[in-house]
Amino acid sequence: MTSSSVAPTAGSASATPSRRRWLTLAIVGIAQLMVVLDATVVNIALPSAQADLGFSDGDRQWVVTAYSLAFGSLLLLGGRLSDLFGRKRTFITGLVGFAAASALGGAAPDFGVLVAARALQGVFGALLAPTALAVLTTTFTIPKERARAFGVFGAIAGAGGAVGLLLGGFLTETLDWRWNLYINVGFAIVAIIGTLIFVGRVESDGPRPRLDLPGTVLVSSGLFGVVYGFANAETEGWDSPLSWVPLAAAAVLLTAFVLWQRRASHPLLPLAILTDRNRSAAYLSILIAGASMFGIFLFVTYFLQATLKFSPIQTGLAFLPMVVMLVVAAQLSTNLLFPRLGAKVMVPIGMILGMSGMLLLTRLTVDSVYVTDVLPGLVLLGLAMGSIMPASMQAATLGVDRHFAGVASAMVNTSQQVGGSIGTALLNTIAATATTTYLTDHLADGPGALGPAAVTGYTTAFTWGAAFFASGAVLAAVLFRRRSRTPQAAAGAHEAPVEPVAVG
């Protein structure tokens, strides 16, 4: 990518009315919320769905895994398709497909249809998520507005999982588990109408590059292996061939993908996107934050429901302070702190806050109280994600040639998704091992050891989550560049600033 690849044009986004840009942000936010919350909104509904459709405990995980497998493995393809066929067209296609898949899942008469619908949700989510971020990247080019927009978007990306738990609990208790899927149809209709009215369309300039089919097959298969392997590690154990064989195959396939991208005439993921120091640091930060937070949603939910006996709605509401703090922190960091301090300061600060929140949660016992023992940790974790996600997203997409905005945005979602899969599998294995060890050491306590054993597993997972955040703080402080360079220079010597045009 060279600076001659794009050039600012008249009639660009700088001329787009500000109100229209903010309405575009609202539309993009709805789409992003749909995709992110669907990773967790079904979790609380699973017991009700299982009772209704009659599937086994062993099959239950596939309702969640089918979505993450399709979503995680196809994200880069979805991002590239938005670059090739226009963002508005791809965005609407993703919304329509996601709504149709959600309706199918809500009306599912049996387990097979439900799993198929969840996989289809993942397919269209992989088309929708990177396109949404690419729309944002190419719409907001004025630095101050871009900061505000990414603050909102980063807050949605960070809080979506917790919002999913809140919404899932409310819908399951007050209506029916099927409404956890039907609700997406309403979201999608609003977003489709808004896209048709407010999101501009720009015809592509120059010849359309070809889709890198070998690269697509290699990276999609590799990412599938990563997500599938870690998902099986969570249920089958690390010594199972279902865990290590897919992971080994993924390592080979992803290595082959990188080698192929070096010689492909139309690479799916130009390596210049990854070799930029700030961008690679941003992707790594998102992966580490995702690994920590997805596991924490899981274990805090277990603790609240199994130990403190919270109902689904109470569990969802328990996460609300974290969501509020995340939104507040995202706006403060992007509008006030990030422009002055940059990612090199903001991301490590967020990681340290996350580590502190995790360490507070390690003090939990069977006699803990939500207000004094759980809430302070959740508040710190909200502040952490509000500092990490918007800053990392800005660094990951700043300065990308607009022809590759989709695939660069897809790497943001890929990092978060793969991080979530890794974190959930690793932390679940660690927690299960700690629980088993406690029970072995306290056989004399009989059934009375079950509660403390479970809490020991949770707190061990929180300890490792704190270690993840600590490593993220060190890596971010080392890898991100200092702010001695201008935003344009920081974008990379081989890349042009994003062309300020309305998206198409």
Side-chain angles (χ1 to χ4, degrees), residues 23-45 63-64 66-68 70-72 74-75 78-79 82 87-88 90-107 114 117-136 149 152-172 175 177-196 198-199 290 294 297 316 323 326-327 389 393 406 409-410 412-414 416-417 420:
L23 289 170
T24 298
L25 172 61
I27 296 162
V28 167
I30 292 172
Q32 176 69 6
L33 182 62
M34 273 199 316
V35 172
V36 177
L37 67 81
D38 257 69
T40 58
V41 70
V42 175
N43 289 5
I44 288 181
V63 179
V64 176
Y67 178 84
S68 61
F71 184 62
L74 296 175
L75 275 165
S82 77
R87 300 195 222 295
K88 182 173 183 177
T90 308
F91 192 60
I92 292 175
T93 301
L95 287 168
V96 172
F98 200 90
S102 299
L104 176 64
L114 178 60
R118 289 286 287 165
L120 279 175
Q121 277 188 309
V123 170
F124 286 103
L127 193 66
L128 189 59
T131 307
L133 184 53
V135 166
L136 199 68
V152 173
F153 194 85
I156 293 172
V163 172
L165 295 173
L166 175 61
L167 185 62
F170 175 78
L171 293 174
T172 301
L175 295 173
W177 70 267
R178 297 179 183 274
W179 280 95
N180 288 277
L181 295 163
Y182 285 144
I183 192 70
N184 290 321
V185 178
F187 285 150
I189 289 173
V190 172
I192 290 168
I193 293 173
T195 302
L196 292 171
F198 299 113
V199 178
F294 272 80
F297 289 147
V323 175
L326 194 155
V327 172
M389 294 302 290
M393 285 183 171
S409 301
V412 171
N413 294 279
T414 301
Q416 188 176 20
Q417 178 65 30

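All values reported here derive from a predicted model rather than from experimental measurement.
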One should read off an interatomic distance between Leu196 CG and Lys88 NZ, to the nearest 0.5 angstrom, of 6.0 Å

Check side chain to side chain contact (heavy atoms under 4.5 Å, CB included) between [X] and all other residues, then give those that pass, not counting sequence neighbours.
{"X": "Val96", "result": "Ile92, Ile192"}
{"X": "Ala126", "result": "Phe71, Leu74, Leu75"}
{"X": "Leu25", "result": "Trp22, Leu136, Phe140, Ala149, Val152"}

Is a side-chain donor or acceptor of Arg118 paired with a backbone partner of Tyr67 at a separation under 3.5 angstrom? no

Pairwise salt bridge (Lys or Arg N to Asp or Glu O under 4.0 Å) hits with a residue in residues 90-101, at least two apart: none

Can you see which heavy atom on [X] is nearest to which on [Y], and at what distance?
{"X": "Gly125", "Y": "Pro130", "answer": "O-CD, 4.2 Å"}
{"X": "Leu128", "Y": "Met34", "answer": "CD2-CE, 3.8 Å"}
{"X": "Ala70", "Y": "Ala119", "answer": "CB-O, 3.3 Å"}
{"X": "Phe91", "Y": "Ile27", "answer": "CE2-CG2, 3.7 Å"}

Throw together a table of side-chain donor-acceptor distances under 3.5 angstrom for residues 99-107, partners on residues two or more places apart or in other chains.
from, atom 1, to, atom 2, distance (Å)
Ser102, OG, Phe98, O, 2.8
Ser102, OG, Gln121, NE2, 2.8
Ser102, OG, Asn184, ND2, 3.2

Qualifying residue, where the test is side-chain contact (heavy atoms from CB on, under 4.5 Å) with Thr195 and the options are Thr24, Ile30, Leu95, Val190: Leu95

Can you establish whether the number of heavy atoms outside Tyr182 located under 6.0 Å from its atom OH is more than 12? yes

Partners passing ring pair (Phe, Tyr, Trp, His ring centres under 6.0 Å) against Trp177 (at least two apart in sequence or in another chain): none

